[in-house]
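Here the structure comes first, spelled out in structure tokens, and everything after it is commentary.
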Amino acid sequence: MQIFKEQVAQHLAPLLDWEPSQVVDALEIPPNSKMGDLAFPCFPLAAKLRQAPPRIAADLAERLELPQVVEKVQAVGGYLNFFLKPTVLAQQVLEAIQEAGDTFGNSEQGVGKNIVIDFSSPNIAKPFGVGHMPTTVLGNSISRLYTALGYNVIRINHLGDWGTQFGAMIVAYLKWGNNDPLTEDAIGKLYRLYVKFHQEEEKEPSLRDEARAWFNRLEAGDEEATRLWKLFYDVSLKNFRRTYDRLGIEFDHYTGESFYVDKVEDALERVKAAGITEISDGALVVPLGDDLPPCLLQKSDGATLYATRDLAALFYREAAFNPERIIYVVALDQSLHFQQLKLVLEKMGLPLADALVHVPFGLVKLPTGKMSTRRGHMVLLDEVLEEATARVAEIIAEKNPHLPNKEEVAEQVGIGAVIFNNLKNGRMRDIIFDWDEVLNFDGETGPYLQYTHARCRSVLRRSGQQEFTLPADLTGLTDEAAQQVLKRLSQFGEAIDKAAQTYEPSTVSRYLLDLAQDFNRFYNTCRIIGEDPAVEASRLALVDAVATVLRRGLYLLGLAAPEQM
Ligand code: ARG
């Protein structure tokens, strides 16, 4: 609706003595089309004009010179309701999409600005479990959304690759690892060692001291400790990268906690110099008042912590990227951690405090059965992707056995289903995995959207044409169903914008479900191929535009859009 808002604003702004952009911001989309396609609420004008809003609306309706795209304007209550001309609306929307292609819906508001997105960030030497699935897919989608708004997005994987647990890993590996080079099933082996360590330490508490001693050696740069750490790091990262490749996710930097080890010293100095630290029981802390527990920065044995490395990372990112915002897509249970970091920065008087944004999300709940989380068995993200792909392959074998590139499509649809299930609802809602629901081609699912896209592509293929130029006569698009699709298409930019501003890819998910539903209604009520040539051409152009927006929307969520399925 952005393009129409702008045209209305051009005409309305001078009558109000406003900037056109203010009018654009004030224009609303009425809850039902009987009230028009756009509405301008006159209530905010009442005080200044000393008139009742209905009077103001009536007066404006009379004086306003209508832009070409507006068929009529009506004053109802305190609103000015605009009705768009069906053929002009069709022409403008389809031309805009044909011209912009995959950039349709983008904006330039972020040009010249940097945004850091810290997401996924699994822990080295531990399996990449389903617990890290939401941050991974949300972070990827938020990155793509901000890129669409013109921002320069810096994607950072803040790997959990430092901390006392590496002392435990080293002890376990030396005691029970038999010098295994970890060339196969590395993560599984490391995880079993990790679990064993925790079982053994119950019986043998001195193991804990050994682990602490090894971590201290690691922090001091000891050669043997570093060699083992590096082994765990390399095999883990190799494994994680495979998962990212499957998901189509890339990072600009894999700078985990270890990257900041040589930077914490300076960071600590900086915090101390601000005069906000205290020594408490031999540890260095920043007291944060009555509401929050103090932020612990250095233990009495000199060991640094997660928070210390995050502070060093904040200072580093500020200097390296000059970001407008640093967005942390991290589970809700770390809220306290980010509140503490923010408050430490505030106490230091740094504007960086305002740049820090924590974007939390709900929990992943797996169904009972094979995928359920048992004690000592962590469900891997890879297992979930594997299962989804296998299930889709079965569906394809049954429903469409002659499909070309069957395996590739099964992977795209299976993974798409998993990703969409993460992004379908608001991010604070728990994510529940019910396979039948996740993979239902007719439900509110990724496969349903992909299927609708493939259906569009199949109609276009069947037409035998390569290009879908607009005919002069667009009366083939004046049906209610076609108009509904066109209006929905025109709202894509607003959906992207809102999704980014609220860190809610689900806004785009909902938008795409609505678009698919509108399209399917059009498809079922309006004949496309075999109509009068102008009608056919106009409807094919509409199908082409829907395919473009679906593909682009799926991309923004992180899903592929296969041609056939
Ligand atoms: N590795 C952490 C975890 O798995 C997440 C790190 C998030 N990023 C950060 N800068 N603290 O819980």
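Counting convention: from 1, in listed order, for ligands and their atoms alike.
- Residue Ser121 has at least one N or O atom closer than 3.5 Å to an N or O atom of ligand 1.
- Residue contact check for ligand 1: Tyr306 places a non-hydrogen atom closer than 4.0 Å to it.
- Below 3.5 Å of separation, one finds no N or O of Tyr328 facing any N or O of ligand 1.
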(request) Just do the side chain to side chain contact (heavy atoms under 4.5 Å, CB included) check on Ile327 and Tyr503 with the steps written out, would you? (result) CA-CA 9 Å; Ile327 298 168; Tyr503 314 106; 3.5 Å; yes
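- For the pair Arg155 and Phe119, the cation does not sit on the ring face, since its NZ or CZ is not both under 6.0 Å from the ring centre and inside 45° of the axis.
- The option with the heavy atom closest to atom 1 (N) of ligand 1, from among Ile124, Asn123, Asp118, is Asn123.
- By heavy-atom distance, the residue among Arg317, Lys126, His132 lying nearest atom 3 (C) of ligand 1 is His132.
- Counted within 6.0 Å of NZ on Lys189, heavy atoms from surrounding residues, nucleotides or ligands total more than 12; the atom is thus considered enclosed.
- Shortest contact from atom 9 (C) of ligand 1 to any protein heavy atom: His158 CD2, 3.4 Å.
- By the neighbour-count criterion of 12 heavy atoms within 6.0 Å, atom OH of Tyr451 is sparsely surrounded, having that number or fewer from other residues, nucleotides or ligands.
- We find the NZ-CG distance between Lys263 and Leu268 to be 14.0 Å, quoted to the nearest 0.5 Å.
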(request) Go through the steps for Thr445 and Leu439 under the test side chain to side chain contact (heavy atoms under 4.5 Å, CB included), then give the verdict. (result) CA-CA 7 Å; Thr445 62; Leu439 297 174; over 6 Å; no
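- Taking any N or O of Gln334, backbone or side chain, at least one lies under 3.5 Å from an N or O belonging to ligand 1.
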